[in-house]
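Below you'll find the structure, written out as C-alpha cells, and then a few comments.
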Amino acid sequence: MKQLKHFLIVGLMVAVFTAALGFFFETAPILPQAASRQAEPIDQLFGFHFWIMAFLFSLIVGFMLYSIVAFRQKPGELLDGDHIEGHTGLEIAWTVLPLVIVVAFSFLGGQALSDTLRADPQAIRINVTARQWDWSFYYPEYDITTDVLALPLDQQVLLRLRSEDVIHSFWVPEFRVKQDLLPGDQVRELRITPTEEGTYQLVCAELCGTSHAYMVKDVLVLSPSEYDAWIQAAIAADPSKSEDPVVRGRHWVTINGCAGCHSTNGAQIVGPTWKGIYGRTETLTDGTSQVVDDAYILESIREPSAKIVQGFNSPSVMPAYGPDKLTDEQIADIIEYMKTLK
Ligand code: CUA
C-alpha cells in the first residue's frame, strides 16, 4: 500500500513534468520558420523527439527528486538501506521499451525521408554551382545564369548541385533539407517546394576554407506572376548577351565567383585586389617584376600557380579555369572589365 502511494506520487510528478517540458518545446522558438513542404515531416519528427525527450528527462529527474526527499536518512537511522539484487521484470521493461521506441522512430524517420524525396515530374530544374566562395544558379529552361536564387511559390524545384573545387553544402534553414555539393561529375539532387513567400538566405554548411562563413546568397520565394516577371527581367538584362565587353566581363566575374577572393575596392581578401590591377607592376615570389598585362592575366586564370605575387599563398588556392569554364573570349571580356577598375 505504501509502495503504491510512492508510485502514484512519482507517476503524477513525471506526468506534470512531461507536459510542462513538452509544452515548452512545442512553443519555444527552437526552429526557424518552416517555409517548404519538405519542412513539414521533418518538423513533425522533431516534435515527436521533443516529447520523448521531455518524458525521459522527467522520468529520471522525477524519480531522483522524489527519492531524495522521501527516502532520505532520518535522524537516528544509521543502518544501510535494503539490499536489492536484480529485478527481471524491470530489466525486461527497460530493454523492450527503448527497443520499441527506436524501431518506431526508424519507421517514422524512413517515412519522413521518403516524404522529403517525393518527386514531382513537373519540377522546375535549376543547376546550382558552388565554388570557393560563391554560388551561381543556371536556369536551363531560359538559358540564364544568376547570382540570386529565385523560386516560385508552391512549385517543386529540382536543384541539381555540383561543386567546382571542394565539398560545399546547400542549406536554407527555413527549407530544412540540406545537401552536399561534390566536386567532379558527381551531381547531387535536392527537391524543394517553397510554401511561404519571402527572402531567405542560402548558407554553405560545410567548412570549405577561409571565406566559408561569407558564402551566403539571397533566395527569393515569389508568387507565380512575380516569378515570371523576375525571369523575364533576368532574360532582358542578361549581361552575357550584352554588346559591351565590360558588361559581359563583369557578368563572367559574377557567375564564376571571382569576387569571393578578388575585391574591386582595394581590400585584400584572399587574392590580389583588382582595383588598379591592369598595368600595375607586381613583385613575384621569386623577386622578379611582372607587369599585369593580357598575357599575364590569361596565364594566371588558366594556371594560377605559374606566377604568384609576393604575399599570397603559394601554390595558389585559386582553382585553374580551363577553356571549359572560361573561354579565351570571356577572359578578354574580363580583362576589359579589369581595365575599368581604376
Ligand atoms: Cu562552401 Cu563552406
Side-chain angles (χ1 to χ4, degrees), residues 31-33 35-36 38-39 42 116 125-140 144-151 157-192 194 198-221 250-265 267-274 300-302 304-305 308 312-322 324-326 330 334:
L31 295 171
Q33 177 203 8
S36 80
Q38 290 72 18
I42 292 173
T116 58
R125 282 165 168 252
I126 302 172
N127 297 354
V128 178
T129 304
R131 60 184 76 74
Q132 287 168 318
W133 287 276
D134 203 8
W135 304 91
S136 61
F137 313 99
Y138 177 67
Y139 294 71
I144 45 169
T145 303
T146 63
D147 71 336
V148 171
L149 179 61
L151 307 173
V157 288
L158 169 58
L159 302 176
R160 307 189 75 244
L161 311 130
R162 53 177 293 275
S163 164
E164 288 191 348
D165 36 49
V166 299
I167 300 176
H168 303 273
S169 187
F170 181 102
W171 189 36
V172 178
E174 288 83 357
F175 298 158
R176 300 292 189 272
V177 285
K178 187 198 271 178
Q179 175 62 52
D180 278 5
L181 297 89
L182 308 179
D185 295 326
Q186 310 182 68
V187 176
R188 287 288 177 272
E189 293 186 342
L190 188 62
R191 292 179 184 272
I192 294 168
T199 304
Y200 305 95
Q201 207 160 50
L202 161 63
V203 295
C204 177
E206 184 75 50
L207 185 58
C208 57
T210 329
S211 297
H212 156 73
Y214 304 105
M215 207 170 149
V216 291
K217 273 282 146 82
D218 279 344
V219 178
L220 311 176
V221 175
R250 186 187 299 123
H251 180 63
W252 310 135
V253 165
T254 306
I255 64 172
N256 283 286
C258 312
C261 297
H262 300 284
S263 79
T264 55
N265 62 2
Q268 293 295 355
I269 317 175
V270 177
T273 180
W274 285 1
S300 297
I301 293 174
R302 292 275 186 249
S305 288
I308 292 181
F312 292 94
N313 292 313
S314 179
S316 173
V317 295
M318 174 169 151
Y321 284 78
D324 56 320
K325 289 185 190 165
L326 276 174
Q330 288 175 323
I334 291 175

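First listed ligand is number 1; within each ligand, the first listed atom is number 1.
Under 2.8 Å from atom 1 (Cu) of ligand 1, one finds the following protein N/O/S atoms: His168 ND1, Cys204 SG, Cys208 SG, Met215 SD.
Distance check, rounded to the nearest 0.5 Å: CG of Asn256 to CD1 of Ile301 gives 9.0 Å. Atom SG of Cys204 is separated from atom NE2 of His168 by 6.0 Å, given to the nearest 0.5 angstrom.
Using modelled atom types, no side-chain atom of Thr116 and backbone atom of Gln38 make a donor-acceptor pair closer than 3.5 Å. At least one donor-acceptor pair under 3.5 Å links the side chain of Trp135 to the backbone N or O of Met215.
At most 12 non-hydrogen atoms from other residues, nucleotides or ligands lie less than 6.0 angstrom from CG of Asp185.
Aromatic ring pairs are classed by plane angle as parallel below 30°, tilted from 30° to 60° and perpendicular above 60°; the pair Trp274 and His262 is parallel.
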